[in-house]
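See structure below.
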There are 2 protein chains.
Amino acid sequence: MELIRIYECLCDETRLRLLNILAQGPLCVCHFQEILREPQVKISKHLAYLRSRGLVECERQGNWMIYELPAKPSRELRTNLACLQDCAREHPAFQRDLARLQKLAPKLAATGPCGCATAKPAAR
Amino acid sequence: MELIRIYECLCDETRLRLLNILAQGPLCVCHFQEILREPQVKISKHLAYLRSRGLVECERQGNWMIYELPAKPSRELRTNLACLQDCAREHPAFQRDLARLQKLAPKLAATGPCGCATAKPAAR
DNA sequence: AATCTATATTCCTATCAAGGAATATGAATC
DNA sequence: GATTCATATTCCTTGATAGGAATATAGATT
């Protein structure tokens with residue numbers, strides 16, 4: 001049942017934080033590291049986990065991997081992501097992450113979801 | 001974070017089935033066994049798991065234990081149970097359980113959430 | 001081609017959850 | 001008080017997951 005796979009993704013704090021950030025738009029791994037302040041392996045593994053269950057999609061852009069929520073989420077996924085948004089809104093931890101994302105906003109506006117100094121502007 | 005505890009409960013099919021049934025009202029363990037057609041240990045353990053995380057409450061009534069959803073669920077729990085209801089509606093497995101619950105309805109109406117032949121009518 | 005950068009994968013260990021078998025508990029009944 | 005019934009708990013084995021350290025990879029740069 002797909003629903004179970006979705007819930008399995010949602011029962012880890014790191015993954016919830018990732019999804020919360022992704023709700024704002026696509027982003028590359030290095031920025032997740034910056035925002036979550038967690039080691040690269042941890043971020044990368046959790047993104048792989050999310051990807052294996054269809055909660056995120058990714059696309060390489062030069063050296064960077066840009067992750068984003070699925071373009072066409074299933075009804076179940078859509079419903080649950082909305083529910084998560086609703087719940088996350090109140091948690092300081094999630095708010096803090098979004099605040100950190102805001103600080104990156106200028107950079108992101110200039111260079112796209114990667115925003116690394118050396119990266120070229122993204123297509124989208 | 002309570003949210004995580006909730007999701008941990010939701011990532012098992014048996015527990016989802018239990019919660020789906022409980023959304024219709026309180027019930028005793030023997031009826032869960034009847035509806036889910038799973039062994040007693042399994043049902044009992046999953047109910048204990050749900051209970052340990054505040055997703056269900058229970059109350060003894062003679063030999064029977066009546067389980068029900070919390071009288072005062074947190075906002076997060078309420079939101080997620082509603083979301084689950086929304087998602088479960090479409091799954092045959094959940095529908096089937098509800099159909100089986102319907103068959104018990106007459107018995108339940110007569111004797112309360114336990115509905116076992118020997119049980120006395122419940123207070124509620 | 002050698003190097004650098006961003007990210008992924010492998011290997012390891014520790015923890016947790018699931019399921020079944022057997023057993024324990026608590027309340028009711030004889 | 002012994003038995004019965006409904007349910008819970010313990011013990012065991014197995015599989016899944018998390019996290020870190022070390023290493024591999026793919027693309028860009030020199």
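Proteins get letters first, then strands, A, B, ... in listed order; numbering begins at 1 in each.
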Exercise for the section: Indicate yes or no for a side-chain donor-acceptor contact from A:Gln95 to the backbone of A:Arg89 under 3.5 Å, with no hydrogens or angles considered. Expected result: yes

Practice task
May I ask you to decide whether A:Arg5 forms a salt bridge with A:Glu8, counting only side-chain N to carboxylate O separations under 4.0 Å?
Solution key: yes

Handout entry: Atom CZ of A:Arg100 with >12 non-hydrogen neighbours under 6.0 angstrom
Key = yes

What N/O pairs connect the protein and nucleotides 22-25 of chain C at under 3.5 Å? Give each pair on its own line.
none

Practice task
Starting at atom CZ of B:Arg51, determine the distance to atom C1' of D:dA8, rounded to an integer number of angstrom.
Solution key: 10 Å

Contact list (N/O, under 3.5 angstrom) for nucleotides 11-17 of chain C vs protein:
unit_1 : atom_1 : unit_2  : atom_2 : d
C:dA17 : OP1    : B:Arg53 : NH2    : 3.0

Handout entry: Contact check, side chains of A:Leu22 and A:Phe32, non-hydrogen atoms, under 4.5 Å
Key = yes

Exercise for the section: With heavy atoms under 4.0 Å as the rule, sort A:Phe32 into base, sugar-phosphate or nothing. Expected result: nothing

Practice task
Could you state the atom-to-atom distance from CD of B:Glu38 to P of D:dA8 in whole Å?
Solution key: 16 Å

Practice task
Rounded off to whole Å, could you give me the CG-to-P distance for the A:Leu50 and D:dT17 pair?
Solution key: 12 Å

Exercise for the section: Send over the distance from B:Lys42 NZ to D:dT9 C1', rounded to a whole Å. Expected result: 18 Å

Practice task
Please report, rounded to the nearest Å, how far the P atom of C:dA6 is from the CD atom of A:Glu34.
Solution key: 11 Å

Fill in the blank from the handout: A:Ile43 atom CD1 is separated from C:dT5 atom P, nearest whole Å, by 20 Å

Fill in the blank from the handout: Note: A:Pro73 and A:Pro70 closest approach over all heavy atoms is CD-O, 3.5 Å

Handout entry: First encountered from the 5' end of DNA chain D, between A:Thr14 and A:Asn63
Key = A:Thr14

Handout entry: Distance-only polar pair, side chains of B:Thr14 and B:Glu38, donor-acceptor under 3.5 Å
Key = no

Exercise for the section: Kindly say whether B:Arg53 contributes a backbone atom to a donor-acceptor pair with the side chain of B:Arg51 at under 3.5 angstrom? Expected result: no

Exercise for the section: Return the value, rounded to whole Å, for the distance between atom CD of B:Glu59 and atom P of D:dA6. Expected result: 18 Å

Completion exercise
Of the candidates C:dA8, D:dA8, C:dG20, the side chain of A:Tyr67 sits closest to C:dA8

Problem - Test item: B:Ser44 side-chain N/O and B:Val41 main-chain N/O as donor-acceptor pair under 3.5 Å - result: no

Exercise for the section: Using atom types as modelled and distance alone, determine if a side-chain donor or acceptor of B:Arg17 lies under 3.5 Å from a backbone N or O of B:Leu19. Expected result: no

Practice task
Starting from P on D:dT7, measure out to CD on B:Gln61 and report it in whole angstrom.
Solution key: 11 Å

Exercise for the section: When you get a sec, tell me which of C:dT9, D:dG20, C:dT7 is the closest nucleotide to the side chain of A:Ala48? Expected result: C:dT9

